[in-house]
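This report concerns only the one structure given below.
The structure presented is a predicted model; accordingly, all values stated were derived computationally and were not measured. Computed over heavy atoms, backbone and side chain alike; hydrogens, waters and symmetry mates excluded.
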Amino acid sequence: MRLVKKSTTRAEDIMGEESDFICDSVNLLTEGCRLSVRMHSSDDWPLAEIISIKDVGNMRFYYVHYIDYNKRLDEWVTEERLDTRKVQYPRKDGQTTGTAGNAGGGGGTGASTPNRKTENISILSQSRPASPLSVPPVPTQNDPTVLTAALQKKIARKRKLVDTEESQEVATATPRQTGSMVMQHDDVVTRMKNVEMIELGLHRISPWYFSPYPQEMVNLNCIYICEFCLKYKKSRTSLYRHSIKCNLRNPPGTEIYRKESISFFEIDGRKNKSYSQNLCLLAKLFLDHKTLYYDTDPFLFYVMTEYDLKGYHIVGYFSKEKESTEDYNVACILTLPPYQRKGYGKLLIEFSYELSKFEGKTGTPEKPLSDLGLLSYRSYWSQTILDILLTVKPTPDNEKPQITINEICELTSIKKEDVVSTLQILNLINYYKGQYIISINKDIITTHIDSFQKRKVRIEPKCLHWTPKDWSKRAKW
C-alpha cells in the first residue's frame with residue numbers, strides 16, 4: 001500500500017506540469033490518465049482513459065474507456081496492453097478528480113487531481129467558516145455595540161454551519177425515485193460494467209453497461225435469470241428449483257397482438273411491479289444513457305416474445321408513459337443482443353407507431369436515443385416515409401402527385417419534427433420557385449425497394465386487439 005501511495009503522490013506532482021509524459025513505471029498511472037491501449041481481439045491501439053485500478057493477487061488490472069468509442073467496449077486490461085511511452089495526466093484545473101480515493105470525480109474525461117495541500121485546504125474550509133477579510137477596530141468592552149456584534153456573529157456562525165450541514169446532506173442524499181428510467185449522470189460507479197455475464201434461457205450474454213443489481217449478485221461470475229418472470233438467481237441449481245415452482249410461461253400481462261410466433265404483451269407497471277422492475281434491471285445492462293429507479297407505476301411495458309413449445313421467450317420491449325405531455329410514444333426500447341440484426345428492432349418501432357395510430361396521435365421516442373436505437377429509428381423513418389411518397393398518386397387536377405408534411409404525419413403517426421429531419425437527411429427537400437418540393441431520384445427508389453424487401457417481419461394491424469385508455473383519470477392507474 002505504501003508503494004502505491006508513493007507512486008500516486010509522484011504522479012500528482014507531475015500533473016499540471018506537462019500534458020504528455022513518458023511513464024517509466026505503471027505504478028505512476030492513476031485514474032484519469034490517458035494513453036494508448038490495445039483493444040481486445042484487435043491490433044488497434046486507440047487512446048483510452050483509465051477509469052479504475054484494482055489489484056487481484058499479484059496482478060494489477062486497469063478499467064479503460066476507449067475515447068470516441070461506445071462504452072460497451074470498455075474493459076479490464078493488464079499492463080502489457082498499455083503503451084506507457086506517452087501518457088496524458090489529468091490537469092489540475094479540471095472540475096473532477098482522478099484519484100483512487102475520490103469516487104465522485106471520475107465522471108468526466110480528462111479529469112484532474114488536486115495535490116495534498118489543496119485537499120487539506122478544502123477540508124478545513126468545510127469544517128469551519130472562513131475568517132473575515134478585514135478586522136475593524138476593537139471597541140471597549142463596555143460599549144454595547146460589542147455585545148450586539150458578538151451576538152450577531154454567533155448567530156451568523158450557527159446559520160452558516162447549519163447551511164453547510166444541510167447542503168452536505170442534500171449532496172449525499174439518494175435521488176428521488178421518479179420513473180423507471182431517466183437520463184444517466186455518469187460517475188465512477190456507473191461508468192463501469194459491474195456484471196460479468198448473465199444466462200437468460202438458452203443464451204449466455206455479456207452485458208454492455210452498468211446495472212444496479214444487488215451487490216451479492218454482482219460479485220458472481222454469472223447471474224441466472226428466469227426468462228419468463230425475469231427473477232435473478234445465484235446459480236443454475238437455484239434457477240432450476242425456481243423454474244419448477246414458477247407458473248409463468250409468458251409475461252404477466254395482456255396479450256394484445258399475435259401473428260404466427262410473434263406476440264406482444266401489455267404490462268402495467270403498477271399491477272406487475274416486480275416483473276417491471278426486473279425488466280428494467282435487465283434492460284439497463286444494454287442501455288447506456290438511462291439510469292434505473294424503481295417507481296414503475298406511471299409506465300406501460302410492451303414485451304415482444306417469440307413462441308415455441310416451452311413458452312413465450314422475451315425478444316425485446318419498449319416502455320411508454322401512461323400520460324405523456326410531450327407526445328412520447330416510447331420511453332425506453334431494447335432488442336436483446338441474441339435477437340438483434342433480425343428485424344425485431346424495427347418491428348418494435350413499427351408496433352409503437354401502430355399504437356399511436358390507434359390513439360389518433362403522432363408520437364416520437366424520448367431522447368436521447370442510443371447509437372443503435374438512433375440508427376434503427378432513422379432507418380424506419382426513411383423506409384416508412386419513402387413508402388408513402390412512392391405510393392401517393394396524382395390527382396386529376398395535377399399531373400404530379402402532391403402531399404404535405406402534415407398528411408405524411410397523419411398517415412404514419414410520425415411527429416412532424418422527425419419527418420422533416422428525415423427528409424433533410426435523405427436530401428429530398430428542395431426549394432423551387434418560392435416553395436419547398438420533394439424530389440425523388442432513381443437511386444433512392446432502388447435503395448428503398450432493396451431495404452423494404454429485406455424486412456421479412458411486419459406488423460399486421462388486423463392482428464392488434466387493443467383499446468386505448470384515457471390515463472388522465474388517475475382512478476384508472
Side-chain angles (χ1 to χ4, degrees), residues 173-185 190 209-214 217 225-232 246-248 250-257 263-305 312 314-334 336 348-349 351-356 358-359 361 363-370 373 464-477:
T174 56
R176 187 169 59 92
Q177 300 178 351
T178 57
S180 62
M181 288 193 183
V182 297
M183 287 183 62
Q184 167 122 343
H185 299 283
T190 59
Y209 308 110
F210 169 89
S211 182
Y213 277 94
M217 307 300 298
I225 301 175
C226 175
E227 59 180 332
F228 299 115
C229 70
L230 303 185
K231 288 184 178 179
Y232 41 88
C246 184
N247 298 322
L248 287 179
N250 57 265
T254 305
E255 186 179 11
I256 60 175
Y257 179 90
S263 292
F264 279 85
F265 291 82
E266 182 184 59
I267 298 164
D268 191 326
R270 182 182 66 84
K271 296 179 181 178
N272 299 282
K273 191 180 293 288
S274 177
Y275 181 90
S276 301
Q277 291 175 356
N278 289 333
L279 177 61
C280 291
L281 278 172
L282 173 63
K284 183 61 190 72
L285 293 170
F286 309 100
L287 294 175
D288 182 20
H289 297 290
K290 302 287 183 178
T291 186
L292 185 147
Y293 294 142
Y294 287 91
D295 183 11
T296 59
D297 290 10
F299 291 87
L300 294 170
F301 299 84
Y302 295 90
V303 179
M304 182 170 66
T305 62
Y312 295 82
I314 180 172
V315 172
Y317 91 105
F318 68 89
S319 62
K320 63 182 293 187
E321 291 179 287
K322 295 177 181 177
E323 190 179 7
S324 175
T325 58
E326 301 182 10
D327 296 328
Y328 291 139
N329 63 353
V330 166
C332 299
I333 186 168
L334 171 71
L336 291 174
L348 281 166
I349 296 172
F351 189 79
S352 68
Y353 281 107
E354 200 63 41
L355 296 182
S356 296
F358 270 64
E359 293 175 323
K361 301 177 181 178
T364 186
E366 187 176 330
K367 311 300 188 300
L369 291 167
S370 65
L464 175 59
H465 304 283
W466 180 71
T467 302
K469 294 181 181 179
D470 182 12
W471 294 102
S472 59
K473 300 177 181 179
R474 292 280 174 161
K476 293 187 177 182
W477 283 35

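- The aromatic ring centroids of Phe265 and Tyr312 lie less than 6.0 Å from each other.
- Nearest heavy-atom pair across Cys246 and Cys226 is SG-SG, 4.2 Å.
- In this structure, the separation between CD on Glu366 and OG on Ser319 is 8.0 Å, given to the nearest 0.5 Å.
- Here the shortest heavy-atom pairing between Cys280 and Phe301 reads SG-CE2, 3.8 Å.
- The main-chain N or O of Pro365 is found under 3.5 Å from a side-chain atom of Lys367 such that the two form a donor-acceptor pair.
- Asn278 has its side chain out of reach of Cys229: every pair of non-hydrogen atoms, C-beta onward, lies at least 4.5 Å apart.
- Judged purely by atom type and a 3.5 angstrom limit, Asn272 uses its side chain to pair as donor or acceptor with the backbone of Pro252.
- In this structure, CG in Asp327 is found 11.0 Å from CD in Glu321, a value given to the nearest 0.5 Å.
- No side-chain heavy atom of Ser370 sits under 4.5 Å from any side-chain heavy atom of Phe286.
- Note that CD of Glu266 is 8.0 Å distant from CG of Leu355, once rounded to the nearest 0.5 Å.
- Two residues are said to be in side-chain contact when any heavy atoms from C-beta on lie closer than 4.5 Å; Met304 and Phe351 fail this criterion.
- At a threshold of 4.5 Å between non-hydrogen side-chain atoms, the residues Leu279 and Ile267 do not count as touching.
- Using modelled atom types, no side-chain atom of Thr296 and backbone atom of Gln277 make a donor-acceptor pair closer than 3.5 Å.
- With a 4.5 Å cut-off on side-chain heavy atoms, Leu464 and Phe264 do not count as touching.
- Closest approach of Phe210 to Thr190, counting heavy atoms only: CB-O, 3.4 Å.
- Contact check for Phe299 versus Lys322: no side-chain heavy atoms found under the 4.5 Å cut-off.
- Looking at every heavy atom in both residues, Pro251 comes nearest to Val303 through CG-CG1, 3.9 Å.
- Taking the side chain as every heavy atom from C-beta outward, Thr364 and Tyr328 approach each other to under 4.5 Å.
- Test Leu287, Ile225, Leu334 against Leu282 for side chain to side chain contact (heavy atoms under 4.5 Å, CB included) and you get one pass: Ile225.
- When every heavy atom of Leu348 is checked against every heavy atom of Phe318, the shortest pair comes out as O-CE2, 3.8 Å.
- Between atom NZ of residue Lys284 and atom OH of residue Tyr209 there is a gap of 8.5 Å, rounded to the nearest 0.5 Å.
- Residues Ser352 and Asn329 form a side-chain contact, since some pair of their non-hydrogen atoms from C-beta on lies under 4.5 Å apart.
- In this structure, OH in Tyr317 is found 15.5 Å from OG1 in Thr305, a value given to the nearest 0.5 Å.
- To the nearest 0.5 Å, atom CD of residue Glu227 and atom CG of residue Leu248 are 11.5 Å apart.
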Show your working on ring-ring contact (aromatic ring centres under 6.0 Å, His included) between Tyr302 and Tyr257 and close with a plain yes or no. CA-CA 10 Å; Tyr302 295 90; Tyr257 179 90; over 10 Å; no

Side chain to side chain contact (heavy atoms under 4.5 Å, CB included) between Trp466 and Thr254, intermediate numbers included: CA-CA 10 Å; Trp466 180 71; Thr254 305; over 6 Å; no

